[in-house]
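Every value quoted in this text rests on a predicted model; they were computed, and no experiment measured them.
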Amino acid sequence: MLRFNKIAILIVLAVSLSHALSARADANPQFIADERSALERLLNGHKVINIVDDFLAFWDVAKSKTPFVQRRLWMRMVESKYRDYFDRAVYRDATPRERRAMLREFLIRVPSQVEAIRELNKTIYNNIIQAFINFKHVRFAEYTQQNDIYIGLSLFRFDGAVRAVQNDAGIPDTLCLGMEALSTYSPEQVRIAITHEFFHLYHFSFLFRNPSLADFRAPHMPLIIEGMAVAGTEECYPFLPRSLYLHFTDEEIATQQRDLSVSAARFLELVKTEAPPESYEQWFTNNATDEAPSRGGYLLGYEVAKRVLADYTLEEMVRMSPAELRALVEQHLNAIAGNGVLILASTN
């Protein structure tokens, strides 16, 4: 009963905070800075690095310039100030030519999003605060923030991601937000996306304690990592439609559910043959292929995770090794493929 009362109080505080902060942010811009400080205290003193502030200053200068001048201004006013973020979180292994193409595409697409980005930037600290309270203080109390986070831009590559920004070993350690993608979401979708990434940080804090990065190239790892994050988000925000946790439409979920046994059989073959990333990464993109439905790995991973949760808690799952997770993934993919039915389908 004591824990229930504590959770209820925190939820009430979060809702009250949401209304108060939203009402004051437009009336008093200085309050946004105070809100940022409050968030950093919640994050165990780690910094919230806001690239969007610099982007908006850049856009006010660059919006009427030629593409060549815009690129020069971007490099000087934005990218050069956050070199590690763009190199490690956005461009990553892209060649110089690919980097230029990514930036060119971004500068063509972003004008229609600037005002939405500007509006989200006024409330993003509030959204992170609410997501963090739901994640740590309501559900995963043992979670401890270990690094700074970035309110960034992804050049339309992600809405949120955990990237290896603050280490040289390639270990994903930093929450990075893609504000141009998030600016198209409802406030509820924004908080769910942020919570999904907090779960990744929580999971990775155990998964990468004794890392062998080769282990994480195996197909079962992104499947169960994403499935667990969807399930973890559901535990932080229970009773919502699954379409919100998965960022699918109801029609997409229904279609993929009908073909779930086929998807399970196909992905199981990737696991058994230890397929390389280029053979399975399409399962985690928005582009459907003959072999993989659009973002099919998220729904399939979620169904596997839900079956595992019949025997283990998420706290136990985050402590499992890649080998332990593989055994469970193979077991439940076999069951889904063999049964041909969706035993754990939600009624939402």
Side-chain angles (χ1 to χ4, degrees), residues 18 21-22 25-26 29 31-33 35-36 38-40 42-43 46-63 70-71 73-75 77-92 99 102-132 135 147-163 165-166 172 174-198 200-201 229 233 244 247 286:
S18 172
L21 296 183
S22 297
D26 284 333
F31 188 73
I32 298 175
E35 190 178 6
R36 178 176 181 166
L39 174 57
E40 290 177 341
L42 276 177
L43 296 176
H46 293 289
K47 299 297 183 183
V48 181
I49 302 165
N50 192 318
I51 297 174
V52 172
D53 289 340
D54 288 290
F55 164 75
L56 293 173
F58 149 79
W59 189 251
D60 288 342
V61 174
K63 59 186 175 184
Q70 285 184 346
R71 290 193 294 272
L73 288 169
W74 166 270
M75 296 302 297
M77 298 180 67
V78 183
E79 192 169 314
S80 64
K81 296 178 66 173
Y82 305 100
R83 180 65 62 187
D84 283 349
Y85 170 84
F86 282 102
D87 285 350
R88 298 180 178 187
V90 180
Y91 294 125
R92 300 204 286 172
R99 291 165 67 117
M102 290 167 67
L103 178 57
R104 183 166 56 248
E105 178 192 2
F106 170 76
L107 291 173
I108 290 170
R109 292 177 60 184
V110 79
S112 64
Q113 290 298 119
V114 170
E115 289 311 309
I117 294 169
R118 194 186 304 275
E119 288 305 307
L120 179 58
N121 198 42
K122 296 175 183 178
T123 60
I124 191 62
Y125 301 115
N126 175 16
N127 282 310
I128 300 172
I129 287 170
Q130 290 187 68
F132 187 82
F135 185 79
N147 284 295
D148 300 340
I149 69 175
Y150 282 83
I151 298 172
L153 299 154
S154 68
L155 307 192
F156 293 101
R157 264 51 190 183
F158 56 78
D159 54 7
V162 175
R163 300 290 201 227
V165 176
Q166 298 177 72
T174 304
L175 172 55
C176 305
L177 301 180
M179 288 282 280
E180 67 274 52
L182 289 175
S183 69
T184 67
Y185 293 1
S186 69
E188 188 173 49
Q189 289 173 321
V190 170
R191 291 190 289 273
I192 285 173
I194 294 169
T195 303
H196 183 105
E197 301 308 324
F198 272 126
H200 283 323
L201 283 174
T233 303
L244 285 174
H247 203 62
N286 291 318

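- For Ser186 (side chain) and Gln189 (main-chain N/O), a donor-acceptor pair under 3.5 Å exists by modelled atom type.
- In this structure, the separation between CZ on Arg191 and CD1 on Ile129 is 12.0 Å, given to the nearest 0.5 Å.
- Residues Tyr150 and Arg163 form no side-chain contact, since every pair of their non-hydrogen atoms from C-beta on lies 4.5 Å or further apart.
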*Starting from the C-alpha separation in whole Å, work towards a yes-or-no answer on salt bridge (Lys or Arg N to Asp or Glu O under 4.0 Å) for Arg99 and Asp87.*
CA-CA 10 Å; Arg99 291 165 67 117; Asp87 285 350; 2.9 Å; yes
*asked:* Set out, in order, the CA-CA distance, both residues' side-chain angles and the distance that settles side-chain contact (heavy atoms from CB on, under 4.5 Å) for Arg88 and Arg92, then state yes or no.
replied: CA-CA 5 Å; Arg88 298 180 178 187; Arg92 300 204 286 172; 5.8 Å; no
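- Expressed to the nearest 0.5 Å, how far CG of Asn50 lies from CG of Leu177 amounts to 9.5 Å.
- Note that the CG atom of Asn127 and the CD1 atom of Ile192 stand 11.0 Å from one another [nearest 0.5 Å].
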*Do Tyr82 and Asp54 pass the side-chain contact (heavy atoms from CB on, under 4.5 Å) test, and can you show the C-alpha distance, the side-chain angles, and the key distance before you say yes or no?*
CA-CA 10 Å; Tyr82 305 100; Asp54 288 290; 2.3 Å; yes
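- Below 30°, between 30° and 60°, or above 60°: for His247 and Tyr185 the angle between ring planes is between 30° and 60°, a tilted geometry.
- Closest of all the heavy-atom pairs between Ser154 and Val90 is O-CG1, 3.7 Å.
- A side-chain donor-acceptor contact under 3.5 Å links Arg36 to the backbone of Val48.
- Taking each heavy atom of Val61 and Leu73 in turn, the nearest pair found is CG1-CD1, 4.0 Å.
- Judged by distance alone, the side chain of Tyr125 and the main-chain N or O of Ala33 form no donor-acceptor pair under 3.5 Å.
- Distance alone, capped at 3.5 Å, is enough to place a donor-acceptor pair between the Gln166 side chain and the Asp148 backbone.
- Ring-plane geometry between Phe58 and Phe55 is classed as tilted, the angle between the planes lying from 30 to 60 degrees on a 0 to 90 degree scale.
- Between the CG atom in Leu155 and the CD atom in Glu79 there is a gap of 7.5 Å [rounded to 0.5 Å].
- Annotation for Phe86 and Leu153: closest pair CE2-O, 4.1 Å, computed over non-hydrogen atoms.
- Here the closest heavy-atom approach between residue Ala131 and residue Thr195 is recorded as CB-OG1, 3.5 Å.
- At a threshold of 4.5 Å between non-hydrogen side-chain atoms, the residues Lys122 and Ile32 count as touching.
- Contact between Thr184 and Ala181 at its shortest, heavy atoms only, is OG1-O, 2.8 Å.
- Summarising the geometry, atom OH belonging to Tyr91 is positioned 9.5 Å from atom CZ belonging to Arg157; distances are rounded to the nearest 0.5 Å.
- Contact of the Leu56 side chain with the Val114 side chain is registered, since non-hydrogen atoms from C-beta on lie closer than 4.5 Å.
- Aromatic ring orientation, Phe106 versus Trp74: tilted (interplanar angle from 30° to 60°).
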*Show your working on side-chain contact (heavy atoms from CB on, under 4.5 Å) between Ile194 and Phe135 and close with a plain yes or no.*
CA-CA 10 Å; Ile194 294 169; Phe135 185 79; over 6 Å; no
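- Looking only at distances, a side-chain donor or acceptor of Glu180 sits under 3.5 Å from a matching main-chain atom of Phe156.
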_Could you go through Ile128 and Leu175, starting from their C-alpha distance and side-chain angles, then the distance that decides it, and tell me whether this counts as side-chain contact (heavy atoms from CB on, under 4.5 Å)?_
CA-CA 11 Å; Ile128 300 172; Leu175 172 55; 5.8 Å; no
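- The two residues Arg71 and Leu103 make their nearest non-hydrogen contact at CG-CD2, 4.3 Å.
- In this structure, Glu197 contributes its side chain and Cys176 its backbone to no donor-acceptor pair below 3.5 Å.
- Residue Glu115 holds its CD atom at 12.5 Å from CG of Leu120, rounded to the nearest 0.5 Å.
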